Amino acid sequence: MDLQQIDLNNKKIMQHNALTTARYDFTACQLDIMFMLLGSLSEKDDPLKTYNIRVQDIELLTGRRWNYNQLKESTENLLSRVYQVNIEKLGLKQFVLFTEVQYRNGEGSFDIEIAPKARQFFFDLKNNFTVLQLKSILSCKSKFAKRLYALACQWRRAGGIVYDIADLKIMLNLKDPKGKEPEQYTKISMFKKFVLDVAKKQINEHTDITFDYKLIKRGRKFEKIRIFAGSSIPEQLQIDFNEDLEYQRNIKQIEAYGLDKKYAEMIAKENYNEFVKVVEDLNKQISEKGKKIENSVAYLIGVFKNKGVIKE
(Lines give C-alpha, C1' and ligand atoms only; values in the text may rest on other atoms or scores of the structure.)
Protein backbone atom coordinates (compact mmCIF):
# COMPACT_ATOMS: atom_id res chain seq x y z
CA MET A 1 0.00 0.00 0.00
CA ASP A 2 1.30 3.44 -0.92
CA LEU A 3 1.57 5.90 1.93
CA GLN A 4 0.11 9.07 0.36
CA GLN A 5 3.54 9.97 -1.05
CA ILE A 6 5.01 10.29 2.44
CA ASP A 7 8.69 9.33 2.75
CA LEU A 8 8.66 7.41 6.04
CA ASN A 9 12.28 7.97 6.93
CA ASN A 10 12.72 11.57 5.83
CA LYS A 11 9.34 13.34 6.10
CA LYS A 12 9.67 16.52 8.13
CA ILE A 13 6.76 18.41 9.59
CA MET A 14 6.58 21.96 10.96
CA GLN A 15 4.68 22.83 14.12
CA HIS A 16 4.01 26.38 15.30
CA ASN A 17 5.93 27.06 18.51
CA ALA A 18 2.71 28.24 20.13
CA LEU A 19 1.42 24.67 19.76
CA THR A 20 4.72 23.14 20.88
CA THR A 21 4.59 24.98 24.20
CA ALA A 22 0.80 25.23 24.61
CA ARG A 23 -1.02 23.79 27.59
CA TYR A 24 -3.22 20.87 26.56
CA ASP A 25 -3.89 17.22 27.32
CA PHE A 26 -4.08 15.02 24.24
CA THR A 27 -3.84 11.26 24.31
CA ALA A 28 -1.10 9.54 22.31
CA CYS A 29 -3.72 8.58 19.71
CA GLN A 30 -4.90 12.19 19.36
CA LEU A 31 -1.33 13.43 19.02
CA ASP A 32 -0.69 10.90 16.24
CA ILE A 33 -3.73 12.22 14.37
CA MET A 34 -2.49 15.79 14.68
CA PHE A 35 1.02 14.95 13.52
CA MET A 36 -0.29 12.98 10.54
CA LEU A 37 -2.35 16.04 9.67
CA LEU A 38 0.77 18.22 9.86
CA GLY A 39 2.43 15.82 7.43
CA SER A 40 -0.39 16.41 4.93
CA LEU A 41 -0.35 20.22 4.88
CA SER A 42 0.76 22.37 1.98
CA GLU A 43 1.01 26.15 1.72
CA LYS A 44 -1.12 25.94 -1.46
CA ASP A 45 -4.06 24.32 0.34
CA ASP A 46 -7.50 25.86 -0.01
CA PRO A 47 -8.64 27.42 3.31
CA LEU A 48 -11.71 25.16 3.29
CA LYS A 49 -9.83 21.95 2.50
CA THR A 50 -10.52 18.87 4.60
CA TYR A 51 -7.71 16.37 5.18
CA ASN A 52 -7.99 12.61 4.84
CA ILE A 53 -6.24 10.52 7.51
CA ARG A 54 -5.86 6.80 6.78
CA VAL A 55 -5.55 4.47 9.73
CA GLN A 56 -3.27 2.09 7.82
CA ASP A 57 -0.80 4.91 7.17
CA ILE A 58 -0.29 5.44 10.88
CA GLU A 59 -0.11 1.69 11.50
CA LEU A 60 2.59 1.37 8.83
CA LEU A 61 4.59 4.20 10.38
CA THR A 62 4.32 3.03 13.97
CA GLY A 63 3.94 -0.72 13.69
CA ARG A 64 1.03 -0.52 16.12
CA ARG A 65 -2.57 -1.55 15.54
CA TRP A 66 -5.26 1.02 16.24
CA ASN A 67 -8.44 0.11 18.05
CA TYR A 68 -11.38 1.45 16.02
CA ASN A 69 -13.52 2.32 19.06
CA GLN A 70 -10.59 4.11 20.65
CA LEU A 71 -10.07 6.02 17.40
CA LYS A 72 -13.71 7.18 17.27
CA GLU A 73 -13.54 8.28 20.90
CA SER A 74 -10.29 10.15 20.20
CA THR A 75 -11.67 12.09 17.24
CA GLU A 76 -14.86 12.88 19.15
CA ASN A 77 -12.82 14.38 21.98
CA LEU A 78 -10.62 16.30 19.53
CA LEU A 79 -13.65 18.38 18.58
CA SER A 80 -13.98 19.68 22.14
CA ARG A 81 -10.41 19.70 23.44
CA VAL A 82 -9.27 23.24 24.19
CA TYR A 83 -5.78 24.57 23.44
CA GLN A 84 -4.44 27.34 25.63
CA VAL A 85 -1.57 29.55 24.43
CA ASN A 86 -0.18 32.86 25.59
CA ILE A 87 -0.18 35.40 22.77
CA GLU A 88 2.49 38.09 23.11
CA LYS A 89 1.05 41.47 24.24
CA LEU A 90 -2.50 40.06 24.24
CA GLY A 91 -2.67 37.30 26.83
CA LEU A 92 -4.22 33.85 27.06
CA LYS A 93 -6.00 32.48 23.99
CA GLN A 94 -8.30 29.46 24.16
CA PHE A 95 -9.50 27.65 21.05
CA VAL A 96 -10.29 24.29 19.48
CA LEU A 97 -8.26 22.99 16.56
CA PHE A 98 -10.90 21.08 14.60
CA THR A 99 -14.54 21.60 13.66
CA GLU A 100 -15.60 18.37 11.95
CA VAL A 101 -14.65 14.73 11.47
CA GLN A 102 -16.28 12.58 8.78
CA TYR A 103 -15.63 8.82 8.70
CA ARG A 104 -15.63 7.04 5.32
CA ASN A 105 -17.42 3.69 5.51
CA GLY A 106 -15.34 0.74 4.37
CA GLU A 107 -12.22 2.82 3.68
CA GLY A 108 -10.55 2.82 7.09
CA SER A 109 -10.11 6.58 6.94
CA PHE A 110 -11.69 9.83 8.03
CA ASP A 111 -11.72 13.47 6.91
CA ILE A 112 -10.85 16.19 9.41
CA GLU A 113 -11.46 19.92 9.10
CA ILE A 114 -9.30 22.61 10.72
CA ALA A 115 -11.15 25.31 12.66
CA PRO A 116 -10.84 28.70 10.89
CA LYS A 117 -9.50 30.43 14.01
CA ALA A 118 -6.81 27.76 14.36
CA ARG A 119 -5.46 27.99 10.80
CA GLN A 120 -2.86 30.58 11.77
CA PHE A 121 -1.18 28.00 14.01
CA PHE A 122 -0.91 25.56 11.10
CA PHE A 123 0.04 27.88 8.24
CA ASP A 124 1.26 31.25 9.55
CA LEU A 125 4.63 29.86 10.64
CA LYS A 126 7.21 32.41 9.39
CA ASN A 127 10.23 31.96 11.70
CA ASN A 128 8.19 30.74 14.65
CA PHE A 129 8.10 26.98 14.13
CA THR A 130 9.72 23.72 15.16
CA VAL A 131 10.84 21.09 12.65
CA LEU A 132 9.98 17.51 13.65
CA GLN A 133 10.56 14.16 11.99
CA LEU A 134 7.17 12.52 11.43
CA LYS A 135 8.35 8.95 11.86
CA SER A 136 10.19 9.82 15.08
CA ILE A 137 7.27 11.45 16.84
CA LEU A 138 4.83 8.74 15.76
CA SER A 139 7.22 6.02 16.96
CA CYS A 140 7.05 7.30 20.55
CA LYS A 141 4.18 5.57 22.37
CA SER A 142 3.94 7.86 25.40
CA LYS A 143 2.09 11.16 25.02
CA PHE A 144 4.75 12.71 27.25
CA ALA A 145 7.52 11.41 24.99
CA LYS A 146 5.79 12.98 21.98
CA ARG A 147 5.45 16.36 23.74
CA LEU A 148 8.99 16.36 25.13
CA TYR A 149 10.40 15.30 21.74
CA ALA A 150 8.73 18.37 20.19
CA LEU A 151 10.07 20.65 22.95
CA ALA A 152 13.56 19.19 22.59
CA CYS A 153 13.46 19.73 18.82
CA GLN A 154 12.50 23.38 19.38
CA TRP A 155 15.68 23.94 21.40
CA ARG A 156 18.01 21.52 19.64
CA ARG A 157 20.13 24.29 18.07
CA ALA A 158 20.80 25.72 21.51
CA GLY A 159 21.59 22.28 22.90
CA GLY A 160 18.60 22.45 25.24
CA ILE A 161 16.70 24.72 27.60
CA VAL A 162 16.01 25.29 31.29
CA TYR A 163 12.41 25.27 32.52
CA ASP A 164 10.84 25.71 35.91
CA ILE A 165 9.49 22.26 36.70
CA ALA A 166 6.14 23.85 37.54
CA ASP A 167 5.98 25.52 34.09
CA LEU A 168 6.82 22.26 32.32
CA LYS A 169 4.12 20.42 34.25
CA ILE A 170 1.61 23.10 33.25
CA MET A 171 2.54 22.59 29.56
CA LEU A 172 2.02 18.84 29.97
CA ASN A 173 -1.30 19.48 31.72
CA LEU A 174 -0.04 17.85 34.90
CA LYS A 175 -0.59 21.01 36.92
CA ASP A 176 -3.42 23.55 36.89
CA PRO A 177 -1.90 27.07 37.00
CA LYS A 178 -4.95 28.23 39.00
CA GLY A 179 -4.69 25.34 41.45
CA LYS A 180 -8.30 24.23 40.95
CA GLU A 181 -7.37 20.73 39.77
CA PRO A 182 -5.08 18.39 41.74
CA GLU A 183 -1.47 18.29 40.54
CA GLN A 184 -0.24 14.97 39.18
CA TYR A 185 3.07 13.33 40.08
CA THR A 186 3.72 15.68 42.99
CA LYS A 187 6.63 13.52 44.15
CA ILE A 188 9.67 14.19 41.99
CA SER A 189 10.49 10.47 41.98
CA MET A 190 7.13 9.72 40.35
CA PHE A 191 7.52 12.56 37.85
CA LYS A 192 10.90 11.12 36.86
CA LYS A 193 9.65 7.53 36.64
CA PHE A 194 6.39 8.00 34.75
CA VAL A 195 7.14 11.07 32.64
CA LEU A 196 10.81 12.01 32.22
CA ASP A 197 12.45 8.57 32.18
CA VAL A 198 9.78 7.07 29.94
CA ALA A 199 10.24 9.97 27.51
CA LYS A 200 14.03 9.73 27.65
CA LYS A 201 14.00 6.02 26.82
CA GLN A 202 11.55 6.31 23.92
CA ILE A 203 13.11 9.44 22.41
CA ASN A 204 16.62 7.97 22.50
CA GLU A 205 15.47 4.63 21.08
CA HIS A 206 13.06 5.79 18.37
CA THR A 207 13.85 9.34 17.24
CA ASP A 208 16.44 11.33 15.31
CA ILE A 209 17.71 13.23 18.40
CA THR A 210 19.22 12.41 21.76
CA PHE A 211 17.44 13.54 24.91
CA ASP A 212 18.60 13.88 28.49
CA TYR A 213 17.72 15.98 31.48
CA LYS A 214 19.09 17.21 34.79
CA LEU A 215 17.00 18.28 37.77
CA ILE A 216 18.26 21.38 39.58
CA LYS A 217 17.73 22.06 43.27
CA ARG A 218 17.11 25.35 44.99
CA GLY A 219 17.70 24.66 48.64
CA ARG A 220 16.21 21.24 49.39
CA LYS A 221 13.66 21.27 46.60
CA PHE A 222 14.01 20.49 42.90
CA GLU A 223 12.69 23.58 41.11
CA LYS A 224 14.19 23.57 37.61
CA ILE A 225 14.94 21.08 34.86
CA ARG A 226 17.62 21.42 32.23
CA ILE A 227 16.68 19.57 29.04
CA PHE A 228 19.58 18.48 26.83
CA ALA A 229 18.72 18.05 23.16
CA GLY A 230 21.01 16.83 20.42
CA SER A 231 23.67 15.53 22.79
CA SER A 232 23.34 13.85 26.17
CA ILE A 233 24.84 14.98 29.43
CA PRO A 234 28.45 13.77 29.35
CA GLU A 235 28.56 10.68 31.55
CA GLN A 236 32.25 9.97 31.19
CA LEU A 237 34.81 12.74 31.03
CA GLN A 238 38.24 12.05 29.59
CA ILE A 239 40.44 13.72 32.18
CA ASP A 240 43.53 15.69 31.26
CA PHE A 241 45.46 15.88 34.53
CA ASN A 242 47.33 18.92 33.25
CA GLU A 243 44.09 20.92 33.28
CA ASP A 244 41.69 21.80 36.09
CA LEU A 245 38.83 19.27 36.32
CA GLU A 246 36.19 21.97 36.83
CA TYR A 247 37.44 23.75 33.71
CA GLN A 248 37.12 20.55 31.67
CA ARG A 249 33.58 19.96 32.91
CA ASN A 250 32.60 23.52 32.04
CA ILE A 251 33.93 23.07 28.50
CA LYS A 252 31.75 19.98 28.03
CA GLN A 253 28.69 21.77 29.36
CA ILE A 254 29.19 24.68 26.95
CA GLU A 255 29.77 22.27 24.03
CA ALA A 256 26.38 20.69 24.86
CA TYR A 257 24.79 23.95 23.69
CA GLY A 258 26.28 23.48 20.23
CA LEU A 259 29.40 25.65 20.46
CA ASP A 260 32.70 24.46 18.97
CA LYS A 261 35.33 23.32 21.42
CA LYS A 262 37.64 26.27 20.67
CA TYR A 263 34.90 28.72 21.67
CA ALA A 264 33.92 26.62 24.68
CA GLU A 265 37.52 26.70 25.91
CA MET A 266 37.69 30.50 25.64
CA ILE A 267 34.45 30.98 27.56
CA ALA A 268 35.08 28.29 30.18
CA LYS A 269 38.42 29.74 31.21
CA GLU A 270 36.99 32.62 33.24
CA ASN A 271 33.42 33.22 32.08
CA TYR A 272 31.45 30.00 32.63
CA ASN A 273 29.08 31.53 35.21
CA GLU A 274 28.46 34.45 32.88
CA PHE A 275 27.68 31.97 30.07
CA VAL A 276 25.09 30.20 32.24
CA LYS A 277 23.47 33.56 33.08
CA VAL A 278 23.35 34.64 29.40
CA VAL A 279 21.72 31.33 28.39
CA GLU A 280 19.13 31.50 31.17
CA ASP A 281 18.29 35.13 30.32
CA LEU A 282 17.98 34.24 26.63
CA ASN A 283 15.70 31.29 27.36
CA LYS A 284 13.53 33.51 29.55
CA GLN A 285 13.23 36.18 26.84
CA ILE A 286 12.29 33.54 24.25
CA SER A 287 9.77 31.65 26.38
CA GLU A 288 8.18 34.61 28.20
CA LYS A 289 8.58 37.57 25.85
CA GLY A 290 8.53 35.86 22.46
CA LYS A 291 12.04 36.94 21.46
CA LYS A 292 12.95 35.37 18.11
CA ILE A 293 16.44 33.95 17.61
CA GLU A 294 17.07 32.22 14.26
CA ASN A 295 20.49 30.84 15.26
CA SER A 296 21.04 30.69 19.01
CA VAL A 297 24.60 29.36 18.68
CA ALA A 298 25.62 32.32 16.51
CA TYR A 299 23.85 34.64 18.97
CA LEU A 300 25.84 33.27 21.94
CA ILE A 301 29.10 33.49 20.04
CA GLY A 302 28.28 37.10 19.13
CA VAL A 303 27.56 38.00 22.76
CA PHE A 304 30.93 36.75 23.92
CA LYS A 305 32.76 38.29 20.98
CA ASN A 306 31.30 41.63 22.00
CA LYS A 307 32.49 41.03 25.55
CA GLY A 308 36.00 40.34 24.24
CA VAL A 309 35.96 36.77 25.53
CA ILE A 310 36.00 35.08 22.12
CA LYS A 311 38.84 36.22 19.96
CA GLU A 312 39.42 34.89 16.45
Side-chain angles (χ1 to χ4, degrees), residues 17-18 20-21 86 88-89 125-132 148-165 167-168 171 200 203 208-218 222-312:
N17 287 338
T20 303
T21 58
N86 280 303
E88 186 180 3
K89 298 180 181 179
L125 300 177
K126 297 180 182 176
N127 292 320
N128 194 22
F129 63 88
T130 300
V131 177
L132 314 171
L148 288 169
Y149 168 76
L151 283 172
C153 284
Q154 181 178 350
W155 300 103
R156 130 168 67 185
R157 284 189 176 183
I161 186 174
V162 176
Y163 282 113
D164 287 337
I165 292 174
D167 290 342
L168 181 60
M171 284 184 213
K200 176 180 173 179
I203 292 170
D208 56 326
I209 68 169
T210 54
F211 174 92
D212 214 329
Y213 70 91
K214 180 179 180 181
L215 299 173
I216 302 170
K217 273 187 176 180
R218 179 172 291 175
F222 287 105
E223 290 195 0
K224 293 182 179 291
I225 177 172
R226 184 184 299 277
I227 291 175
F228 293 82
S231 57
S232 300
I233 300 173
E235 295 181 354
Q236 292 185 342
L237 181 66
Q238 297 298 319
I239 299 175
D240 179 354
F241 290 99
N242 294 318
E243 291 284 1
D244 179 71
L245 181 58
E246 181 83 10
Y247 171 62
Q248 294 178 67
R249 284 178 176 153
N250 291 347
I251 290 172
K252 292 296 183 184
Q253 293 285 7
I254 295 171
E255 284 184 293
Y257 283 89
L259 277 72
D260 290 343
K261 185 176 182 179
K262 64 178 181 178
Y263 296 137
E265 289 174 343
M266 294 178 193
I267 296 170
K269 198 166 187 68
E270 295 180 353
N271 295 273
Y272 177 72
N273 290 336
E274 177 68 13
F275 177 82
V276 172
K277 184 177 184 301
V278 168
V279 170
E280 289 182 348
D281 288 346
L282 177 60
N283 286 337
K284 187 173 182 180
Q285 290 182 59
I286 292 172
S287 60
E288 296 182 5
K289 299 181 180 179
K291 184 180 179 72
K292 293 180 175 61
I293 300 293
E294 292 188 15
N295 188 328
S296 55
V297 174
Y299 176 87
L300 291 170
I301 291 172
V303 168
F304 284 93
K305 279 185 177 179
N306 291 336
K307 292 177 179 290
V309 175
I310 291 179
K311 300 175 182 178
E312 297 290 356

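As the structure is a prediction and not an experimental result, all values here were calculated from the model.
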Answer yes or no: is there a side-chain heavy-atom contact under 4.5 Å between Val309 and Phe275?
-> no

Which pair of heavy atoms, one from Phe228 and one from Lys214, lies closest together, and at what distance?
-> CE1-CB, 4.0 Å

Hey, could you give me the OG1/NZ distance between Thr210 and Lys200, rounded to the nearest 0.5 Å?
-> 10.5 Å

Between Ala229 and Ala152, which heavy-atom pair has the shortest distance, and what is it?
-> CB-O, 3.3 Å

Which residues share a side-chain contact (heavy atoms from CB on, under 4.5 Å) with Leu215, sequence neighbours left out | Ile165, Ile188, Lys192, Leu196, Tyr213, Phe222, Ile225

How far does CD1 of Ile267 sit from CD1 of Ile310, to the nearest 0.5 angstrom?
-> 4.0 Å

By salt bridge (Lys or Arg N to Asp or Glu O under 4.0 Å) - contacts of Lys277 (at least two apart) = Asp281

With the side chain counted from C-beta on, respond yes when Leu148 and Leu168 share a heavy-atom pair under 4.5 Å apart, and no when they do not.
-> yes

Measure the CG-CE distance between Leu151 and Met171 for me, rounded to the nearest 0.5 Å.
-> 6.0 Å

Walk me through it: do Glu223 and Ile216 pass the test side chain to side chain contact (heavy atoms under 4.5 Å, CB included)?
-> CA-CA 6 Å; Glu223 290 195 0; Ile216 302 170; over 6 Å; no

Decide yes or no on side chain to side chain contact (heavy atoms under 4.5 Å, CB included) for Tyr149 and Asp208, but give the supporting numbers first.
-> CA-CA 10 Å; Tyr149 168 76; Asp208 56 326; 2.7 Å; yes

Is any side-chain heavy atom of Tyr263 closer than 4.5 Å to a side-chain heavy atom of Ile254?
-> no

Closest non-hydrogen contact found for Lys224 with Arg218 is CE-NH2, 3.7 Å

Would a 4.5 Å heavy-atom cut-off, applied to side chains only, mark Ile227 and Trp155 as touching?
-> no

